[in-house]
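First the structure, in the form of structure tokens, and then the observations on it.
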Amino acid sequence: MISARSADQVFVALDHWIVGHVPAPFQTLASIVIAVAMIIVVFAALFALTTVFERKGLGRMQNRYGPNRVGPWGTFQPLADAVKSLTKEDVVPHRADHVVHYLAPLVLVGVVFLSYAVLPVGRNMIAVDLDTGVLYFFAVGAATELAVFMAGWSSHNKYSLLGAMRAIAQMISYEIPLILSSVAVIMIAGTLSTVKIVEEQARYTAGIAHWNVITPWGLAGFILFMIAATAETNRSPFDLPEGESEIIAGYFIEYSGFKFALFFLAEYIEMFAVSGLAITLFLGGWSSPVSFLAWIPSWLWFFGKLLAMIFGFIWVRGTMPRLRMDQLMNFAWKFMLPMTLIVILSAGIWRFLSPAVVGPRPLGGVIRWLVCALVIFAPYILLARKLERGHSMEKRTYRFAE
Amino acid sequence: MLGEGIIQGLVETARNFFGSYVEKDRLTTVQYPEERLPLPEASRVFPFLLYDGKDPDAGLRCVACQICEKECPPRCIHIEKSKDKKPDFVGKMQVYPAVFDIDVSVCMSCQICVEVCPFDAIRMDKVFELSTDNRFRKLLYTKKELSKPNEYYQKIHPLEAAETDERRAKEAEEAKAKAAAAEAAAKAKAAAAAATPPVGEASGNGAAAPAKLAETKGSPQ
Amino acid sequence: MGMTVSFLILAILTLAGGVAAMTLRRLVHCALALAVSFAGLAALYVNLGAEFAGLAQLLVYVGAIAILIVFAILLTHSSETELQKVFSPAGIAGALLALAVFAVLAWAVVSSGAAHSAASVAAPQTSMREIGFALMQRYVLPLEVIALMLTAAMIGAVILAVRPTSGSEPAETQAPRNPELRA
């Protein structure tokens with residue numbers, strides 16, 4: 001038990017040990033520097049890993065090998081990519097707004113990394129335990145839109161401007177369902193602190209954790225949150241801002257070399273951050289799903305879940321084609337927004353139907369579950385019917401193509 | 001129901017993902033430098049010159065008629081005629097190319113030189129890994145680099161080579177018979193100029209050869 | 001004494017952003033500088049212990065207002081302002097207005113009790129929970145009124161944006177389905 005506990009806290013202990021060796025006036029500074037450095041190093045390394053996993057995974061989904069030339073099974077591919085992007089010429093358009101053009105990727109990466117401050121990656125492993133953690137996450141995330149605009153506008157290119165406008169329209173539209181679907185969790189947990197939300201879910205009844213995702217509103221909220229997160233991070237099928245077939249590469253069309261790599265990095269880092277928030281809100285953060293597996297270190301649980309989420313993103317990317325702009329907007333406002341509001345309603349009913357109202361555990365719990373599920377499912381069916389009306393899928397025939 | 005198609009699609013890609021680790025048939029990619037697919041008979045890259053026998057200088061079929069040089073659309077062939085003559089495969093004295101250069105950086109692999117050659121002297125090669133670090137000297141192929149024996153041709157284009165060899169053997173025999181007949185006639189009649197060489201006939205055959213091949217094997221791309 | 005290093009940095013950043021927003025020539029640059037100023041202000045709030053106010057400032061001003069301004073600039077034609085004299089009538093009017101606003105704010109600050117009760121008073125510990133209770137109990141009526149007003153504004157915006165269609169059919173389905181017909 002002691003060894004499991006120390007494995008769980010090994011990084012915390014290491015941090016304390018290093019900080020203990022720093023002269024007293026600089027101890028706060030040292031702990032800040034260590035936390036920041038760890039976040040940057042770990043998630044940048046995860047980015048490198050993800051790029052090769054994504055390419056290999058997508059390849060396998062299309063019955064290809066994916067990169068397999070650099071190093072064993074292509075595992076050194078990120079290194080080769082890094083060398084390539086570092087040695088490439090940094091082309092800046094002559095008529096670009098040079099200062100803004102230069103600042104845009106830096107602002108984007110900086111802002112995106114800021115959001116990691118409130119993600120608990122393990123027990124006691126969080127940079128800043130803010131009372132307003134979730135709000136902080138969304139507030140910082142709001143600044144990415146400005147960075148995207150800076151990139152798109154300063155390039156002095158119509159495609160990049162179109163891409164930026166698309167990106168901002170999309171981000172603003174999907175930020176609403178993203179925040180609203182997390183409101184349900186905040187309502188139930190009664191706090192905005194990410195640490196407390198995770199602790200709330202790390203309780204066990206009959207050996208099973210109280211993850212939000214096993215409740216009806218949690219499951220629906222999780223799915224809606226992930227859809228909104230996919231759109232928010234401009235990933236396929238919501239990658240219209242960089243639609244190659246229409247606007248070539250969107251807002252980073254005029255970026256090359258290392259600046260482009262920074263955009264690439266920011267995109268992935270944002271994806272990890274939002275996945276981390278989804279894990280924190282719905283999947284119990286660093287907690288294990290069943291109590292007999294609680295001996296596995298908490299940070300392993302978190303990163304295991306994060307890798308699973310990343311695989312989910314890759315899987316979805318390998319499956320779905322890109323949406324059209326009007327489909328994207330219709331989906332956000334006609335489906336996502338009402339559904340998230342219904343999820344909030346369902347969460348309220350869940351809170352109201354406490355065991356005191358519906359009766360003791362086994363039966364009362366089932367009734368509570370079913371009622372809340374019905375509150376979500378019935379509107380879903382009605383909404384789906386309404387949306388599908390007039391959109392019958394008929395087989396098209398093309399006379400000249402046969 | 002809304003979302004059903006998405007789940008179907010996800011199942012399909014998941015099946016592909018895991019299936020590609022289990023079933024090798026799914027992965028159709030050829031791992032090129034290690035694995036190679038045999039090239040089709042009709043595949044072609046750049047032209048080369050054929051010679052009979054062992055000696056590239058003595059056996060070179062080219063007679064420097066310069067038809068290919070004139071017909072070449074991108075003008076990548078450069079020929080200089082020799083001053084002297086040497087006997088060809090039927091024993092007739094012919095000019096040979098003193099210089100025969102092909103600039104493969106200009107060549108567009110159209111095969112027109114092959115189709116117009118009346119002497120079956122130029123054919124298309126299948127070697128395609130020709131990258132070099134020098135784009136001037138090393139991409140200009142001289143006569144020495146271009147000359148390849150007939151056995152090589154038989155190896156890379158067996159059907160075409162068999163057809164050409166058969167025709168050439170027949171021509172050689174006919175020429176021999178004609179020469180013998182002409183000799184006999186000359187002996188009998190004693191004089192007049194030599195009989196007309198079978199040039200016209202040969203060229204007719206040469207032009208018809210690719211067409212015949214095309215008929216037998218479908219259109220060579 | 002009260003000025004810590006972080007306060008100094010943030011104050012300079014905020015002021016520099018404000019000054020740049022006034023003086024830069026390109027409107028988009030002004031808008032971006034304004035966003036910097038907003039962000040600096042948000043950071044100042046957080047520095048003073050008002051986390052919620054700071055983050056709400058960031059979310060609303062940087063995330064929404066700055067984007068709105070930027071879009072407004074983009075969708076209007078010229079992003080270049082004309083050169084004009086500093087002491088033009090508009091400039092003087094602006095300066096007078098700024099002075100008036102400053103005077104009112106200064107009067108409010110000076111006349112309020114906070115200025116006289118010295119800096120030694122500890123900032124009240126406001127947690128998110130307390131703010132939530134205050135909004136949901138004491139100030140629930142203003143909150144609902146604001147919500148109603150915003151909803152009305154949103155519906156108005158939607159009505160303005162909706163294109164009047166002639167028939168009941170949406171335009172999408174009227175397009176020829178069959179590609180042959182178009183040809």
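Letters A, B, ... mirror the listed sequences (proteins, then strands); counts begin at 1. As the structure is a prediction and not an experimental result, all values here were calculated from the model.
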(Q) Per the salt bridge (charged side-chain N to carboxylate O under 4.0 Å, His left out) rule, what does the pair list look like for residues 48-60 of chain A, sequence neighbours excluded? (A) A:E54-A:R235, A:E54-A:R317, A:R55-A:D81

Q. How about A:R69: does its CZ atom have over 12 heavy atoms from other parts shown lying under 6.0 Å from it?
A. yes

**Q.** Whether over 12 other heavy atoms sit under 6.0 Å from B:E166 CD
**A.** no

Q | Heavy-atom pairs under 4.5 Å with chain B, option from A:R64, A:M320, A:M61 with the top count | A | A:M61

Q | Interface residues of residues 6-26 of chain B facing chain A - non-hydrogen atoms under 4.5 Å apart | A | B:I6, B:G9, B:L10, B:T13, B:A14, B:N16, B:F17, B:S20, B:Y21, B:R26

Q | Rounded distance (nearest 0.5 Å) linking atom OG1 of B:T29 with atom CD of A:Q62 | A | 10.5 Å

Q. For B:Q31 and A:N68, which heavy atoms make the closest approach, and how far apart are they?
A. OE1-ND2, 3.1 Å

Q) Take atom CD in B:E4; do more than 12 heavy atoms of anything else shown fall under 6.0 Å from it? A) no

Using residues 374-385 of chain A as the side-chain source, report each donor-acceptor pair under 3.5 Å to any protein atom, sequence neighbours left out, with the distance given to one decimal.
unit_1	atom_1	unit_2	atom_2	d
A:Y380	OH	B:L2	O	2.3

(Q) Looking at B:R36, I'd like to know if its CZ atom is crowded, meaning that more than 12 non-hydrogen atoms belonging to other residues, nucleotides or ligands lie closer than 6.0 Å. (A) yes

(Q) Atom CD of residue position B:E173 - does it have more than 12 heavy atoms of other residues, nucleotides or ligands inside 6.0 Å? (A) no

Q) Going by residue number, which parts of residues 48-61 of chain B are within reach of chain A, meaning a heavy-atom gap below 4.5 Å? A) none

Q | Crowding at NZ, A:K334 (>12 non-hydrogen neighbours, <6.0 Å) | A | no

